[in-house]
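Everything below concerns the one structure shown next.
Computation of the quantities below employed the complete heavy-atom set of this structure, encompassing side-chain atoms and omitting hydrogens, waters and symmetry-equivalent molecules. Proteins get letters first, then strands, A, B, ... in listed order; numbering begins at 1 in each.
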Number of protein chains: 2
Amino acid sequence: MKPFCYDYPHPAVTTDIALFTIREERLAVLLIRRRAAPFQGCWALPGGFVEMDECLEDCALRELAEETGVTGVYLEQLYTFGKPDRDPRERIISVTYYALAPSEILSPVAGSDAAEVAWFAMDALPELAFDHREVIALAQQRLRAKLDYSTVAFGFMQEEFTLGELQKVYETIRGEALDKRNFRKHILALDLIGETGTSRRVGNHRPAKLYRVQHPGAVLYIK
Amino acid sequence: MKPFCYDYPHPAVTTDIALFTIREERLAVLLIRRRAAPFQGCWALPGGFVEMDECLEDCALRELAEETGVTGVYLEQLYTFGKPDRDPRERIISVTYYALAPSEILSPVAGSDAAEVAWFAMDALPELAFDHREVIALAQQRLRAKLDYSTVAFGFMQEEFTLGELQKVYETIRGEALDKRNFRKHILALDLIGETGTSRRVGNHRPAKLYRVQHPGAVLYIK
DNA sequence: CAAGATAGTGTTGCACAGACACTATGTCAA
DNA sequence: TTGACATAGTGTCTGTGCAACACTATCTTG
């Protein structure tokens, strides 16, 4: 007996989240291995059904936390996918989000519907369930575009970071090397980050000054 | 007896469309007066429930046609709104679209759920149902932004148009006057439009050359 | 202490955007 | 017919912002 009844047919609504990070100088996305049918055993984006008393963004954050243990990421709505046959079970409309996290969010844990959780480099994606490859492609495209006119890149940084690290993020996402002096000039001219006064020593070379975002939480449109 | 039953609660899903045009040198949006509750008699965006066998974009086009008689517009997904209490009836998630049409789409006709259809200038909007004011504001913001880095503006033009008309569109949306020579230089440098060879005579002054988009249907990102 | 690795720093040239004013061609009214 | 009016159409200059470019500084390691 199905207890939730309506006068007209209703689609199901899910959120799916493409969480990106940078690992080993490559853009990577977090996937889960599905425990249940359909696409059982297949890799997919974390996500799940919207509950009736939560807004879409809360749903995305909840599903991400439940299935992967990840919290505290930068999140933004991406696009809503709704082709009638995109899920074999029933009509499911998916509101997709993309999220960014610093690479130090390590070892996410498989939870609830996920048999396994892992980072995949964008150039080495496995077979994906549903239309999730399309979702990831769109998210990457959006990410690249926003790099130029917004401050999304800071979503990949920890609280304190060096300009070299930030430059690596830009280079990885754009897929090309950038001039060090021009990059530093550009970033510092935005007047969004400031020196912490300390520096970080890694490797056999000169330590780098550490910087911090001046007004955390504010992702701005620039220019 | 409600015939559509599910194991879990399902939200309803609608599409809502903000159709813009330029009328009397002002940006205007097409609204309908609601025939039914809730917000009966209130102005609202055209839109309605997604049917189970149509994709979201088809739903938007169908609802726009049914309620206003308007067809053949440029359409793009805007954002998905899903706060739990945004509709008093039940949980309704709205996938919103914005659309553009040349000002010569006159006299849309009220159909189905619409008691009345009318254009409203953006600076003279009436009370609006649901969160539709927020939707329109977001659409206007997106429109302004895309004006700079895409060719959306052509969505407001008829098949043949003058550079003066095109400039008026840019000026209206940006809310500021533009230099004629710089504007023409910029637009022609895009190499997207070409002279038709003919000209149009309106008013007591020199006729203007007519232009046409070279590759219709292609809305491009520029620069 | 020499080699190696990354940090950090300014100047120049060029392309593009914005400021700017006059002539051309039509209508209309006196 | 002609002068007033209205919009169409056209080029130059100047400043600003972005890309190209090389060397010194500071640390570790052998």
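Using modelled atom types, one finds no donor on one side chain facing an acceptor on the other under 3.5 Å when comparing A:Ser103 with A:Thr21.
Judged by distance alone, the side chain of A:Gln167 and the main-chain N or O of A:Leu178 form a donor-acceptor pair under 3.5 Å.
Among the atoms of the strands shown, only primed sugar atoms or phosphate atoms (P, OP1, OP2) are found under 4.0 Å from some heavy atom of A:Arg201.
The aromatic rings of B:Phe120 and B:Trp43 stand perpendicular to each other, their planes meeting at an angle above 60°, with 30° marking the opposite boundary.
Between the OH atom of A:Tyr170 and the P atom of D:dC18 there is a distance of 13 Å, given to the nearest Å. Taking atom NZ of residue A:Lys180 and atom C1' of nucleotide D:dA25, one finds them 11 Å apart after rounding to whole Å. Remark: C1' of D:dA8 and CD of B:Glu165 are 12 Å apart, rounded to the nearest angstrom. One atom, CZ of B:Phe161, and another, P of D:dA8, lie 14 Å apart when rounded to the nearest Å. As a whole-Å value, the separation of B:His205 NE2 from D:dA8 C1' is 8 Å. Between the P atom of C:dA21 and the CG atom of B:Asp179 lies a distance of 10 Å, rounded to the nearest Å. C:dG8 atom C1' lies 17 Å from atom CZ of A:Arg200, rounded to whole Å. Taking atom CZ of residue B:Arg181 and atom C1' of nucleotide C:dT23, one finds them 12 Å apart after rounding to whole Å.
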Validation: residues 204-211 of chain B side-chain donor-acceptor distances under 3.5 Å, sequence neighbours left out:
| from | atom 1 | to | atom 2 | distance (Å) |
| --- | --- | --- | --- | --- |
| B:His205 | NE2 | B:Val202 | O | 2.7 |
| B:Lys209 | NZ | B:Glu195 | OE2 | 3.3 |

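Taking 4.0 angstrom as the limit, A:Arg184 places a side-chain polar atom (N or O) nearer than this to OP1 or OP2 of C:dG8. Within the 4.0 Å cut-off from OP1 or OP2 of D:dT10, at least one side-chain nitrogen or oxygen of B:Lys209 is found. Within the structure, every side-chain polar atom (N or O) of A:Arg206 is placed at least 4.0 Å from both OP1 and OP2 of C:dA5.
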Run A:Phe81 and A:Tyr79 through ring pair (Phe, Tyr, Trp, His ring centres under 6.0 Å) and show every step you take. CA-CA 6 Å; A:Phe81 291 81; A:Tyr79 193 77; 5.1 Å; yes

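Residues A:Gly203 and A:Asn182 both approach DNA chain D. Their nearest nucleotides, taken by heavy-atom distance, put A:Asn182 toward the 5′ side. Each of A:Glu195 and A:Asn204 has a nearest nucleotide on DNA chain C; the 5'-most of these lies closest to A:Asn204. Nearer the 5' end of DNA chain D, as judged by each residue's closest nucleotide, is the contact made by B:Leu163, out of B:Lys185 and B:Leu163.
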